[in-house]
Amino acid sequence: MAQTVVQNREFVPLPPPDADILTTACSYCIVACSYKVYRWPVGREGGTQADQNAFGVDFPTYGAPWIARSQHNIGMHDGRPHHFVVIADAEAEAVNPGGNYSVRGGTLAQKIYNPDTPTKDRLKNPMVRIGGILTPVSWDLVTDVMAEVSQYVLSKYGEHAWGMKTFSYEYFENTYAIRKLVDRAIGTPVHAWHDKPMRGPDATGLDDAGLNSFAATYEDWGKCDVAFLSGVDPYETKTVLFTSWMMGGDNPGKAMIFVTPHRTMGVEYGIKNGGLWLPLIPGTDTALHLALAKIIIDNGWQDQTFIDTWVNNKWELESGYGRGTRNTGWQWRTTWGRWQSDWEDFQKFIANEPAAQLEEAARITGLPAEDILRCAEMIAKPREDGSRPKTSFMLEKGNYWSNNYMNTASLASLGLICGAGNRPGQVISRGGGHQRGGMGAGPGKGFLSPEKHPGRRKKPLNVDRWVMDGKVRFMWTMGITWFPAMLASQELASRVADLTMRNPHQPRSVDRAHLVEVFKARVDSGGMVLVDSNIYPVEPLNTQYADIVLPAAGWGEVDFARCNAERRLRLYAKFNDAPGEAKPDWWAIGQFAQKMGLEGFDWTESNDVFEEAARFSRNGVLSYNVLVKEARKEGKKGHEKLRELGTTGIQTPIRMVNGEMIGTGRLHDPANDWGEVEGDTKDQKWLYAFASHTGKANILKTPWINDSWTDFYEAIKPRAEKGEIWITNGRVNEVWQSGFDDLRKPYLAKRWPWPHIVIHPEDATPQGIESGDLVEGFNDTVYVQTGAPIGVKESDLSFAKLMENGHIKTTTGQFVAVAIVSDEIRPGVAKAAFNYPGSMANSVCHAVPDPVTGNYRFKLGRGVLRKVGESAYKHNFLEMSLKPRPIV
């Protein structure tokens, strides 16, 4: 369909009374604020009188929706130019009551495709790389080629040679289609999510304790007296959760404790309102948790009644297991392993654990002992009347992306002894990053993975390592940046380049037979065929390396559904046309699968996928099958039933009680034990108790010195003799992820036109670095794990043993960013922009996963800082403010 170039207006028009009004949610952070979209044809507009506009008020006025230029755009609907106004729902009853929103959500309209704006580079046609140049072709041709090459790879090299790396956060319709293809149709273990090298949980220690990572409701963060925030500033990454619920809520006077090396805006607010900042050395959270637990236990501040009621004792812990081999990773970690414990054993462990001693914990973490003591008092010390503070524990990337298993398990134990986990205002939960769009399609083929936990228990396959080892011949990536998002980024990118663009077998024609012949020759030569589905050009994944590039349709261009951090399910309505031949990912998968001769992929609309996926949601916390069944009873589509719920939606899992659909707020809450429920919803302990065989939580030991952590941590510490410091990474409020949309929004692009790195003056001055200088971060010893060790013995997976057995190689890594010199960061630590295009900050981080969980330690980079020169922004006051962030 031809698309007209349309101009942006110099003023913002008001929607007329008959404008279409659709509901959606913000597409960015985990909060997913409620939004309304006003749509009407170009050529007319509303007036300032109440009967002339869709708001029904006279302008100018106070209290009516205010439309900024960033909230208006012109795009296409049904092939005709239309105005679009995207504003927060001022009548929202949930998530963002009153229409609160972040700067990211406030610029949603700017992501609507308009060829007269920076969105003009949207991918619009399927393309094949011919002579190094991406050449438009038809969907029919490209899916033909993909299918024939895939069939060749599978028949000759097996399912281990065919893989995908995809988003986990996208909409149910897309993620279900991915899982159905990977797990059931192709049957390959070679699949990983966007933010990890393998497919598995993020906060494994929470899972093992029996805690769902998203058990809390937003109200819980408003009800608590104290919020212990580990590795996260919710203001920067979950803005409305912070400004609406944490700064407000039922208890606006709450104290906030921030455990992070960076004093960001939220941290500064917390400090100035009776809170505490604990800028610990990266990776040492476990030692802090142990010390806090010891102080609490030594003083008798633990919530003993809660522990006696809700924590497994020795006999309960082992009940139901028998005495055989623990055949899953979860059983291996929680029974008979170094992590297993119960309350009596945990007290003995804490009493004898050296890292739990206050002085030793202060040395390890780099925190003043008096601050650790004050923190313990804030989270657990009973008041004079005997009442206890209601403390909630939030963790995010700074916690679980440094010392993955130990940090998450020790935080769970700390929260449990404080009586948190299943009560209003007393929860243990992730804050969240992406929205909850993942949906399974039944059992996968993880048992085909050659990787194992100790004792021959299967572990998910490390896809990045499998690719780098040359084991993958056909790879399909979807909605990711891949290289900059992973560790040892430059090494991974270079290896993929060897397998694709540097392979001698390159197409010279779009002839179908020629393409198939060349790609088969590449596969047989040890190379790899790479397909990427995306909405924009991604450097270098689809601009240089991908052989086939597929244009995706996204937010606002298709009816989609997913949940937010409190599991609130809503419809993200279609309101504008996708550009060119862009199609939703479920459609692309369906076309490919049908060309492969696979059955069950003949979906015609997104609702078909939504309804099919519903039955696979039934046993999980995102269960919405009841909604689909009710829709069918009423003669409606599932999407239409969800549309009727507007911006409020409904929290999952959804159950039928007394003939009504009922959503579930807090998980693990005994108040959820509603007795008999209707429909096909199964009784799950985690609804009203914890996710264990007994319904009680597991308390876990996390010794600081152990084979899974100590030798790796000692190896990757900054080396003073080389002038190295820690180089960690993180987000800022104004940029979501890689900035894929934000860099195409003029206001935000001016705010962050270049990646930045925050450096303490003590680290900057010796190098002559000033704010605005271009700085290189360089690590001359980046560790990369190679091969697939069997791991029958536990020691086989220790860093020292991997080195001894030749499974660790060393390389170098570097990136360049604009310096912001400020005392807002801990000395000895610099914080780079996360996943910024053209600046692979993760290149200085080590691609050696946590041997217990398989997750990477993203936050533990190191290196020297070198001044390269002055940036264009050092003396430029029109772009990129270099002012410190802790402003309240």
Side-chain angles (χ1 to χ4, degrees), residues 118 120-137 142 145-146 149 163-167 192 194 463-464 466-470 472-510 514-515 518-519 521-523 525-552 582 588 737-740 743-744 754-755 784 811-817 833 835-843 847:
K120 62 187 176 184
D121 66 341
R122 274 285 299 269
L123 300 176
K124 305 174 188 67
N125 301 96
M127 294 181 286
V128 177
R129 193 174 304 279
I130 305 297
I133 305 297
L134 288 173
T135 304
V137 293
V142 79
V145 173
M146 289 170 60
V149 175
M164 291 189 80
K165 188 150 189 174
T166 66
F167 44 66
H194 65 284
V463 173
D464 288 352
W466 200 245
V467 168
M468 293 177 74
D469 287 347
V472 178
R473 306 302 172 93
F474 185 96
M475 188 71 176
W476 190 352
T477 57
M478 189 169 282
I480 65 173
T481 57
W482 199 5
F483 315 128
M486 291 292 102
L487 302 191
S489 307
Q490 291 166 321
E491 184 73 11
L492 174 61
S494 179
R495 183 65 180 124
V496 171
D498 290 340
L499 297 168
T500 55
M501 62 180 291
R502 294 175 189 151
N503 185 282
H505 300 283
Q506 301 292 331
R508 297 293 175 181
S509 166
V510 295
H514 170 74
L515 290 170
V518 170
F519 287 147
R522 183 190 299 176
V523 164
S525 71
M528 182 176 75
V529 176
L530 178 60
V531 178
D532 179 57
S533 297
N534 246 303
I535 59 174
Y536 286 117
V538 175
E539 181 70 32
L541 175 59
N542 62 26
T543 58
Q544 298 182 44
Y545 299 169
D547 300 290
I548 295 171
V549 178
L550 305 179
Q737 286 300 94
S738 63
F740 57 93
L743 294 177
R744 294 169 174 86
W754 251 75
V784 180
T811 184
T812 62
Q814 67 84 230
F815 67 98
V816 174
N835 200 9
Y836 199 98
S839 180
M840 296 187 186
N842 280 338
S843 292

Can you tell me how far the OG1 atom of Thr543 sits from the CG atom of Leu134, to the nearest 0.5 Å? 8.0 Å
As a quick check of understanding, evaluate side-chain contact (heavy atoms from CB on, under 4.5 Å) for Val529 and Arg473, giving each step before the final call. CA-CA 6 Å; Val529 176; Arg473 306 302 172 93; over 6 Å; no
Can you find a heavy atom in the side chain of Tyr836 that is under 4.5 Å from one in the side chain of Pro484? no
Residue pair Asn503 / Ser525: nearest heavy atoms and the distance that separates them: ND2-OG, 3.0 Å
Closest approach of Pro837 to Leu743 (non-hydrogen atoms, all atoms of both residues): CG-CD1, 3.8 Å
How long is the gap from CZ on Arg502 to CZ on Arg495, to the nearest 0.5 Å? 10.5 Å
Check whether any side-chain N or O of Gln490 sits under 3.5 Å from a backbone N or O of Gln814 as a donor-acceptor pair, and report yes or no. yes
Please evaluate residues Val128 and Val145 with respect to the criterion side-chain contact (heavy atoms from CB on, under 4.5 Å), reporting the C-alpha separation (whole Å), side-chain torsions for both, the decisive distance (0.1 Å), and the verdict. CA-CA 10 Å; Val128 177; Val145 173; over 6 Å; no
Treating Arg744 as the side-chain partner and Lys120 as the backbone partner, does any N or O pair qualify as donor plus acceptor under 3.5 Å? no
Does Asn542 use its side chain to pair, donor to acceptor, with the backbone of Tyr536 at less than 3.5 Å? yes
Judged by atom type as modelled, is there a donor-acceptor pair below 3.5 Å linking the side chain of Glu539 to the main-chain atoms of Gln544? no
Correct closest heavy-atom pair for Val784 and Met468 would be CG1-CE, 4.3 Å
Here the gap from Leu123 atom CG to Ile535 atom CD1, rounded to the nearest 0.5 Å, amounts to 8.5 Å
Any non-hydrogen side-chain atom of Trp476 less than 4.5 Å from a side-chain atom of Ile548? no
Rounded at 0.5 Å granularity, tell me how far CZ in Arg122 sits from CG in Asn534. 10.0 Å
Search all heavy atoms of Asn842 against all heavy atoms of Ala485 and return the closest pair with its distance. ND2-O, 3.4 Å
Is there side-chain contact between Val816 and Trp754, with heavy atoms separated by less than 4.5 Å? yes
Apply side-chain contact (heavy atoms from CB on, under 4.5 Å) to His505 and Val523, showing your working. CA-CA 9 Å; His505 300 283; Val523 164; over 6 Å; no
Please give me the minimum heavy-atom distance between Met164 and Met475, naming the atom from each residue. C-CE, 3.7 Å
Heavy-atom check, side chain of Val467 versus side chain of Trp482, under 4.5 Å: yes
I need the minimum non-hydrogen distance between Ala546 and Arg129, along with the two atoms involved. O-NE, 2.8 Å
pair Arg508-Val518: side-chain heavy atoms closer than 4.5 Å: no
Please examine the side chains of Met528 and Phe474, heavy atoms only from C-beta on, and report whether any two atoms are closer than 4.5 Å. no
Regarding Ser738 and Asn835, do their side chains bring together a donor and an acceptor under 3.5 Å, going by distance alone? no
Between Thr477 (side chain only) and Lys165 (backbone N and O only), is there a donor and an acceptor less than 3.5 Å apart? no
Side chains of Arg522 and Asp547: does their closest heavy-atom pair fall under 4.5 Å? yes
Please answer whether the main-chain N or O of Ile133 pairs with a side-chain N or O of Thr135 as donor and acceptor at a distance below 3.5 Å. yes
Trace of the ring pair (Phe, Tyr, Trp, His ring centres under 6.0 Å) decision for Tyr545 with Phe483: CA-CA 11 Å; Tyr545 299 169; Phe483 315 128; 5.5 Å; yes
Once you round to the nearest 0.5 Å, how far does CE of Met486 lie from CG of Leu492? 8.5 Å
When you compare the side chain of Pro551 with that of Pro126, does any pair of heavy atoms fall below 4.5 Å? yes
About how many Å separate CG of Leu550 and CG of Asn125, when rounded to the nearest 0.5 Å? 11.0 Å
